[in-house]
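Scroll down for the structure; my scribbles are underneath it.
The figures here come from the full heavy-atom set of this structure, side chains too, leaving out hydrogens, waters and symmetry mates. The residues of the chain are indexed from 1 along the displayed sequence.
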Amino acid sequence: MATKFVFEPTNINQLKSAYDIIIIGSGSAGLTAAFEAHKLGKNPVVLEKMPTLGGDTKRASSGMNAAETFVQKEHGIKDSIQNFYDETFVGGGKTNDQDLLKYFTANGADAIKWLADEGIKLDDLTTTGGMSVPRAHRPSSTAPVGAFLVSGLLKRIADEQIPVFTGVTVTKLNEADGRISGVTITTENGEATINAPAVILATGGYGASPKLLKKYRPDLVKYKTTNQPGNTGDGIYLAEQVGAKLVDMDQVQVHPTVQQDTDHVYLIGETVRGEGAILVNHAGQRFVDELTTRDRVTAAINQLDEGGAYLIFDQGIRDRVKAIDFYDHVGLVKSGETLAELAATTGLQPDNLKKTVSDWNKAVISKQDSKFGRTTGMNREIDHGPYFSIHIAPAVHYTMGGVKATPQTQVVNSDGNIIGGLFAAGEVVGGLHGNNRIGGNSIAETVVFGLQAGRQAAKYIK
């Protein structure tokens, strides 16, 4: 049996005083940027403040959106970059930064190919809310995409011996002659300066910062968050100190399907709905198109005023979503051999639930959801026992706002000028998603713009 790959961060005593490129954050954006810069002959370093690597990426479970990919072609899926652009633009309330969006949608297929060439194969497809065709790429094992991606990238980083440090907090971006010249850090060994002509911010968003949420969205402070504890907006503070412009800071996404009845908060990925699950209220009745955009599903759940809703699915759907085994393992899933049994264990109205599922199955067969107009995630009926439910409610999930950056990942200051030597990729950048992010686009942006940041930083220091 193959031993499980375990990545060992670099020993802190090996931290040098100068590198070509400093990357702050070890999620997919940071790791992708580091690996690509290294491939281009540069000497990058990754600095992570948390004791573990992977940032918020490792919590992502659905997939990586891209259009016109070789994977879609192999699966016989007809898609177009224009459709991907249009659906993301509409999903974001037509407030997206269109330059970022053009680059993002046009370069997704290349990013999927880049990953495959590095042995990180996202060769299966599923559908997320707001998308008309399956374009969320994931591994064929149906394992959660985030941990798979982080593990794959860390394997390649280990192969190339790229230095990656944990327990390093960047407290300041340093400048010389009007350009970024490095960073000030604190570690268990105290404060130090590391010099580099280029710095890439890959620090994630601020969904775990009560302070920033209170400042920009006080109405959301009462919500729990799906974010890992390190997502506190560090890159935003650092960029602000050197005059970076911030955009869309009040745009925060609440994810509709989060299990929060335990001490731990667990995001129940959109894939569960993408593979055919439905949502019902206490009475056992559907109340929304489950795969409309996240803001609309959230609003529909809140309108019930029942403290959440219930995902309903069967063994056939469970077989298509590996993450459900984990949800079950940590005690989030209720089950029944029949729908009546499931209703009893979940506390739902049994006759209503049976009728709801029966009506849904007819809609799947006819491909006509006359009740709510759902058109995607209708490939299989809910008719293969045992049956399952997960209680969910909305929680803070993603911050669409952040630093202003160009499609070349260059950070822009409040006068509209580029800050020399400062690049940014991933959730720390604002504007791409408009007022609502489409599921599967966050992982996509980490790879698409992580690659771009690695390339542009390497080019800049030539």
> With distance as the sole test, does T345 use its side chain to make a donor-acceptor pair with the main-chain N or O of L342 at under 3.5 Å?
Replying inline: yes

> Who are the side-chain contact (heavy atoms from CB on, under 4.5 Å) partners of M249, not counting sequence neighbours?
Replying inline: Y206, Y216, I236, L246

> Does E48 reach the main-chain N or O of S26 with its side chain, forming a donor-acceptor pair under 3.5 Å?
Replying inline: yes

> Partners of D263 by salt bridge (charged side-chain N to carboxylate O under 4.0 Å, His left out), sequence neighbours excluded?
Replying inline: none

> Between E445 and R437, is there a side-chain N and carboxylate O pair less than 4.0 Å apart?
Replying inline: no

>> Taking A147's backbone N and O only, do any of them form a donor-acceptor pair with S151's side chain (distance below 3.5 Å, no angle check)?
In response: no

> Hey, is the main chain of S370 close enough, under 3.5 Å, to the side chain of Q368 for a donor-acceptor pair?
Replying inline: no

> Out of Y387, F388, W360, which residue meets the ring pair (Phe, Tyr, Trp, His ring centres under 6.0 Å) rule with F313?
Replying inline: F388

>> Looking at every non-hydrogen atom in both residues, tell me the closest pair between D124 and S140 and how far apart they are.
In response: CB-CA, 3.7 Å

> Considering only heavy atoms from C-beta outward, does the side chain of N441 approach that of F104 to under 4.5 Å?
Replying inline: yes

> Say you draw a straight line from CG of L122 to CG of L149; how long is it, rounded to the nearest 0.5 Å?
Replying inline: 6.5 Å

> Hey, are S28 and T57 close enough side-chain-wise for a donor-acceptor pair under 3.5 Å?
Replying inline: no

> So, T257 side chain and I392 main chain: donor-acceptor pair closer than 3.5 Å or not?
Replying inline: no

> What closest approach, in Å, do A136 and G63 show between heavy atoms, and which atom pair accounts for it?
Replying inline: CB-CA, 4.1 Å

> Would Q285 and Q349 satisfy side chain to side chain contact (heavy atoms under 4.5 Å, CB included), going step by step from the backbone distance to the final call?
Replying inline: CA-CA 9 Å; Q285 295 162 326; Q349 217 288 329; over 6 Å; no

>> Among residues at least two apart in sequence or on other chains, which ones pass side-chain contact (heavy atoms from CB on, under 4.5 Å) with T186?
In response: T169, T171, E191

> Shortest non-hydrogen contact from T128 to S62?
Replying inline: CG2-CB, 4.3 Å

>> Atom CD of residue position Q161 - does it have more than 12 heavy atoms of other residues, nucleotides or ligands inside 6.0 Å?
In response: no

> Do K355 and D359 sit within salt-bridge range, that is, some charged N less than 4.0 Å from a carboxylate O?
Replying inline: yes

>> Looking at every heavy atom in both F449 and P407, which two are closest together, and how far apart are they?
In response: CE2-O, 3.9 Å

>> Run V396 and T226 through side chain to side chain contact (heavy atoms under 4.5 Å, CB included) and show every step you take.
In response: CA-CA 6 Å; V396 166; T226 66; over 6 Å; no

>> Restricting to ring-ring contact (aromatic ring centres under 6.0 Å, His included), what partner residues turn up for F423, sequence neighbours left out?
In response: Y460

> Is it true that a side-chain atom of K58 and a backbone atom of V150 form a donor plus acceptor pair closer than 3.5 Å?
Replying inline: no

> With sequence neighbours excluded, what pairs up with K113 under the salt bridge (charged side-chain N to carboxylate O under 4.0 Å, His left out) test?
Replying inline: D117

> Please walk me through it: do K371 and D369 pass salt bridge (charged side-chain N to carboxylate O under 4.0 Å, His left out)?
Replying inline: CA-CA 5 Å; K371 281 203 169 145; D369 175 21; over 6 Å; no

> Out of curiosity, I312 CD1 to I317 CD1, how far, rounded to the nearest 0.5 Å?
Replying inline: 10.0 Å

> Which word best sums up how the rings of F35 and W114 line up, parallel for under 30°, tilted for 30 to 60°, or perpendicular for over 60°?
Replying inline: perpendicular

> side chain to side chain contact (heavy atoms under 4.5 Å, CB included) between L154 and F5: does it pass, once the steps are laid out?
Replying inline: CA-CA 9 Å; L154 285 174; F5 168 74; 3.9 Å; yes

> Considering residues at least two apart in sequence or located in another chain, which fulfil the salt bridge (charged side-chain N to carboxylate O under 4.0 Å, His left out) criterion with E381?
Replying inline: none

>> Once side-chain contact (heavy atoms from CB on, under 4.5 Å) is applied, do any residues pair with E68, and if so which ones, sequence neighbours excluded?
In response: S80, I81

> Taking all atoms of both residues into account, what is the closest heavy-atom pair of A425 and A453, and its distance?
Replying inline: CB-CB, 4.1 Å

> With sequence neighbours excluded, what pairs up with H433 under the ring-ring contact (aromatic ring centres under 6.0 Å, His included) test?
Replying inline: Y398

> Got more than 12 heavy atoms from elsewhere within 6.0 Å of NZ, K78?
Replying inline: no

>> I'd like to check the ring-ring contact (aromatic ring centres under 6.0 Å, His included) partners of H391; sequence neighbours left out, ordered by chain and number.
In response: Y310

> Step by step, would you call S442 with E427 a side-chain hydrogen bond (donor to acceptor under 3.5 Å, both in side chains)?
Replying inline: CA-CA 7 Å; S442 63; E427 192 178 355; over 6 Å; no

> Is K214 atom NZ crowded by more than 12 heavy atoms from other residues, nucleotides or ligands, each under 6.0 Å away?
Replying inline: no

> What's the spacing between L125 CG and N65 CG if we round to 0.5 Å?
Replying inline: 10.0 Å

> Between T225 (side chain) and G207 (backbone), is there a donor-acceptor pair under 3.5 Å?
Replying inline: yes

>> Within the 4.5 Å heavy-atom criterion, are I185 and L15 side-chain neighbours or not?
In response: yes

> Who pairs with R296 by salt bridge (charged side-chain N to carboxylate O under 4.0 Å, His left out), at least two apart in sequence or on another chain?
Replying inline: none

> Are any side-chain N or O atoms of H384 and backbone N or O atoms of I382, one a donor and one an acceptor, separated by less than 3.5 Å?
Replying inline: no

> Does D305 have any side-chain contact (heavy atoms from CB on, under 4.5 Å) partners at least two apart in sequence or in another chain, and if so, which?
Replying inline: none

>> If you compare all heavy atoms of A33 against all heavy atoms of I200, which two are closest, and at what distance to 0.1 Å?
In response: CB-CD1, 3.9 Å

> Does T293 reach the main-chain N or O of G91 with its side chain, forming a donor-acceptor pair under 3.5 Å?
Replying inline: no

> At what distance, to the nearest 0.5 angstrom, does OH of Y103 lie from CD of Q452?
Replying inline: 3.5 Å

> Say you draw a straight line from OG1 of T356 to CG of D351; how long is it, rounded to the nearest 0.5 Å?
Replying inline: 10.5 Å

> Given L311 and I268, is the side chain to side chain contact (heavy atoms under 4.5 Å, CB included) satisfied, shown in steps?
Replying inline: CA-CA 9 Å; L311 278 164; I268 309 301; 3.5 Å; yes

> Rounded to the nearest 0.5 Å, how far does CE of M64 lie from CZ of R135?
Replying inline: 13.0 Å

>> So for atom CD, which belongs to E160, do other residues, nucleotides or ligands contribute more than 12 heavy atoms lying within a distance under 6.0 Å?
In response: yes

> Under the side chain to side chain donor-acceptor pair (under 3.5 Å) rule, what pairs show up with a residue in residues 311-339, not counting sequence neighbours?
Replying inline: E275-R320, Q315-D319, R318-D325, R318-D328

>> Please check: side-chain N/O of R374 versus main-chain N/O of T376, any donor-acceptor pairing under 3.5 Å?
In response: yes

> Ion pair present between R273 and E290, side-chain N to carboxylate O less than 4.0 angstrom?
Replying inline: no

